[in-house]
Amino acid sequence: MLTQLRDIVEHVSKVDDVHQAFDILVKETCQAMHTECCTVYLANDEKQRLELIATQGLKFKGKTIHIGYQEGLVGLVRRSAEPLNLAKASKHPDFKYFPELGENIYHSFLGTPIIHRKQVLGVLVIQQKKPRQFSEMEESFLVTLAAQIAVIIAHAQTQGHWLISDKSVEIIQGIAASSGVAIGSFWWDNTQPELSEVYPASSLDIDQEHERLLLAIENATVDFRRMRKKLDSEINKDALAIFDLFTHLLNDPMLRSDLKAQINKGDRADWALRQVVESYSNRFARMTDVYLRERAQDIRELGQRLLYFLYNTETSSRLELKEPVILVVRELTASILAGVPKDKLLAVVSLEGAANSHAAILSRALGIPVIMGASCNPNALHQKMGVVNGYSGRILVDPDPQILAEYRLLQTEESEFSQMVEGEISEQACTKDGCCLEILLNAGLSADSNLIINQGVDGVGLYRTEFSFLLQNRFPSEEEQVQQYRAILNSYPQQKVVLRTLDIGGDKALPYLPIEEDNPFLGWRGIRFTLDHPDIFLIQVRAMLKASLGLNNLSILLPMISSCQEFDDAMTLVWQAYNEVKKVSPQLTKPQIGVMVEVPSMLYLLPMLANDVDFISVGSNDLTQYLLAVDRNNSRVADVYESMHPAVIMALKQIQETCERYQLPVCVCGELAGDPVGALLLTGLGYRSLSMNASNVARIKYLLRQSDSSELKELAEKALMQSYGHKISSIVFSYLEEKGLAGLVRAGNK
Ligand code: PEP
Ligand code: MG
């Protein structure tokens, strides 16, 4: 039976056409189960009905036949989400006879729901003329088959196939990468050459291939410079860092020598390029850290541009658009954004990519709504009318006039609001009743140190130092690190800058030091790695200290501390590095030392460490992950990763109270701090320092200025009494609504 099951699933999954696929399914299932009738119904939630999609044995000539969710045995299977096995179906109280199907000849019925991630996608039914109680084995065969079919259906539906026909509006869900609402017609651009479509090719003239490559590198360099210049006046420097990264990579001796070596083997330049770019980008793609994984895209973008210039020797072509459009692209790149005039670009829908790519950062800076990872058929979208909701990640295709009118209103409100908050970014984050918060910036993880001097922030609350370690083929030297840290410390001479020591290992494996572990998040990570490599740790801390000479604004933050022993060991090394630098540079001042609270054990150990640390930084991303035992990067359990989980909120309260008791300055630097609902709740819990990504600063400051700290305190007290995360979110959301601020998150629910 296992072979039959495998065969059916394999045959079904190979077919692109939904009807053909299900025809195979029903036919082969009848054979496998020795029965006369098998039918598949797919759920149409919008119309609250099950639609017959394929059958063997019933009267069905491709007409639409539907059964309401409340009707008959099929409806019962959907409602109960359980199999139903009846030898005499007509005796069941829910039995309903559908004359148009000619069901009367069948007596026995075995139906099972097709479930994917808790959602009933449809119902699979087998029927037989003779009364027959299907055996337990047969029942579990059908259940297993339905589970496997569910995965195929879910996948096909996210690809834009296999959707039930007559929906009034098609909704495609992607990842919200840049906020804002756009209304207009879609434009599918598939004019760029694709690196993934370059196939093995060799050349006898190796010198000519080297020349082609060099010319392409030269042209790409000029092109990146031109694009950077073009955008220079429009957006801030950190968003432009991508072009510097590209130029830097184009001059990277290792990349060049790898390309050269590949061509020397006899490969044509484009094939050599594909292989080298893929091996580089795969290094990043394998990382579990979302941000770093997305750097793989930057490398691919660079490859795409080089490929373009291998095929086109003249300056790059630009997309000529007469009207403003919602651009649909395979993968949004910084070059595409720079290439299309801003007044012609309403929004972008990218089939691939994710929210932290550089292209996404750039689009946020340009204020263009972007949705990434939208699984759809781009040819079907071309020149259709639609809405892009950059808050919720939803794309509406051909919506009716009423929905359009609603979105037009939202769009107007939104743009007025954005203008207002950005204009007030420099104002302090003080609540109406005079409670002022410190707003800090999360920075780092960028190859470029040319960071925006953000007027809206009070300093840098978290500088992640991992990137330069991951981008190279060796550990960066002490001097290289000094330069990098000096640049950031120098950008905020009057404000504090928190540099976090290397949080590498496990999920963020170095290309030159592979780590294979069964449970990387519970493994050799953060301080555990650096304590085992005191050489690396000492170099980094010395570099930080040297970089701070004369500036005296350095704070050092230790990640992933889980015990007092780890802290003591780390401090022994910190003071060793301090004494070494002090000997040569007596003007060195002591840095502030902080620990991240992200491993739950720290909740209990804080009082023991209170005398020895200067500050605490709460990493709510990892704290949530470890408290709820849920991998923060695993989409299968994404719904279990609840940042508003009552236990997380209680833990945050406990940390805040302990810090207050021991007079320890505390900041929250996880994503929660930059989220409107999270920021309000944290303020209510008593936090007075929040560190967030640059894109959230203006909104959060504005939101805090409209709030009242005593009201937020009450709100937090109420939240602490809830048993469910969604209730906590809705309490805060109601407050936002009361204050007329729901617009900050409302678009996210559309
Ligand atoms: C966190 O865990 O919340 C945090 C800020 O650290 P990172 O996201 O870099 O793990
Ligand atoms: Mg962390």
Side-chain angles (χ1 to χ4, degrees), residues 284 287-295 354-356 439-446 457 459-470 488 497-510 519-530 540 555-562 566 570 594-603 615-634 638 641-645 647-649 651-652 655-656 666-675 678-679 681-682 685 687 689-696 700:
F284 281 91
M287 294 171 187
T288 354
D289 179 283
V290 181
Y291 186 95
L292 292 167
R293 205 166 53 219
E294 286 165 10
R295 300 285 70 78
N356 280 323
I439 301 294
L440 301 165
L441 188 68
N442 282 357
L445 284 180
S446 160
V457 295
V460 174
L462 171 66
Y463 184 83
R464 294 170 164 111
T465 57
E466 286 83 76
F467 198 66
S468 62
F469 285 75
L470 286 152
I488 175 83
V497 175
V498 180
L499 301 185
R500 187 173 72 182
T501 64
L502 195 58
D503 186 11
I504 205 90
D507 63 326
K508 296 175 228 168
L510 294 172
N519 289 305
F521 275 116
L522 304 180
W524 209 31
R525 193 191 160 184
I527 203 75
R528 300 173 187 177
F529 172 86
T530 42
Q540 185 175 40
S555 297
I556 296 178
L557 180 59
L558 304 169
M560 289 292 296
I561 294 279
S562 62
E566 275 172 344
V595 294
M596 294 278 296
V597 172
E598 44 190 353
V599 179
S601 61
M602 289 305 289
L603 261 77
F615 68 99
I616 293 299
S617 193
V618 185
S620 55
N621 308 339
D622 275 318
L623 185 63
T624 308
Q625 155 165 275
Y626 293 127
L627 208 53
L628 305 182
V630 55
D631 180 345
R632 65 193 250 194
N633 293 321
N634 183 345
Y641 185 96
E642 262 191 283
S643 49
M644 291 284 154
H645 191 288
V648 174
I649 306 302
L652 288 166
I655 296 165
Q656 189 281 330
V666 58
C667 168
V668 179
C669 66
E671 292 300 308
L672 198 63
D675 168 75
L681 202 56
L682 288 167
L685 289 172
Y687 286 94
S689 176
L690 305 176
S691 191
M692 62 197 69
N693 298 334
S695 56
N696 297 326
I700 298 297

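Both counts, for ligands and for their atoms, begin at 1 and track the order of listing.
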Counting heavy atoms under 4.0 Å, the part of Asn442 that contacts ligand 1 is neither
Part of Arg464 within contact of ligand 1 (heavy atoms, under 4.0 Å): side chain
Dump the intermediate steps for side-chain contact (heavy atoms from CB on, under 4.5 Å) on Arg525 and Asp503, then the final yes or no. CA-CA 7 Å; Arg525 193 191 160 184; Asp503 186 11; 3.2 Å; yes
Would you sort out whether Asn442 and Cys669 count as a side-chain contact (heavy atoms from CB on, under 4.5 Å), showing the intermediate values? CA-CA 7 Å; Asn442 282 357; Cys669 66; 4.0 Å; yes
Side chains of Leu558 and Val595, heavy atoms from C-beta outward: is any pair under 4.5 Å? yes
Answer with side chain, backbone, both or neither: which part of Arg500 has a heavy atom less than 4.0 angstrom from an atom of ligand 1? side chain
Taking the side chain as every heavy atom from C-beta outward, state whether Tyr641 and Asn621 have any atom pair closer than 4.5 Å. yes
For side-chain contact (heavy atoms from CB on, under 4.5 Å), just list the numbers for Met560 and Glu598, CA-CA rounded to whole Å, side-chain angles, deciding distance to a tenth of an Å, and then say yes or no. CA-CA 6 Å; Met560 289 292 296; Glu598 44 190 353; 3.8 Å; yes
Looking at Glu598, which atoms of ligand 1 are within less than 4.0 Å of one of its heavy atoms? 1 (C), 2 (O), 6 (O)
Go through the steps to decide whether Leu557 and Phe615 satisfy the test side-chain contact (heavy atoms from CB on, under 4.5 Å), and finish with yes or no. CA-CA 9 Å; Leu557 180 59; Phe615 68 99; 3.9 Å; yes
Distance-only donor-acceptor check, side chains Ser643 and Glu671, under 3.5 Å: no
Subset of ligand 1 atoms that lie under 4.0 Å from at least one heavy atom of Gly670: 3 (O)
Only heavy atoms of Gly619, strictly under 4.0 Å: list the atoms of ligand 1 that pass. 1 (C), 2 (O), 3 (O)
Taking atom CD1 of Ile649 and atom CG of Leu672, what is their separation to the nearest 0.5 Å? 6.0 Å
Proximal atoms of ligand 1 relative to Arg525 (non-hydrogen, under 4.0 Å): 10 (O)
How is the N/O/S atom of Glu598 that comes nearest to the Mg ion (ligand 2) named? OE1
A student checking ligand 1 against Leu462 at a 4.0 Å heavy-atom cut-off should list atoms 5 (C)
The Mg ion (ligand 2) to nearest N/O/S of Asp622 less than 2.8 Å: yes
Would you check whether Glu466 has a nitrogen or oxygen atom less than 3.5 angstrom from a nitrogen or oxygen atom of ligand 1? no
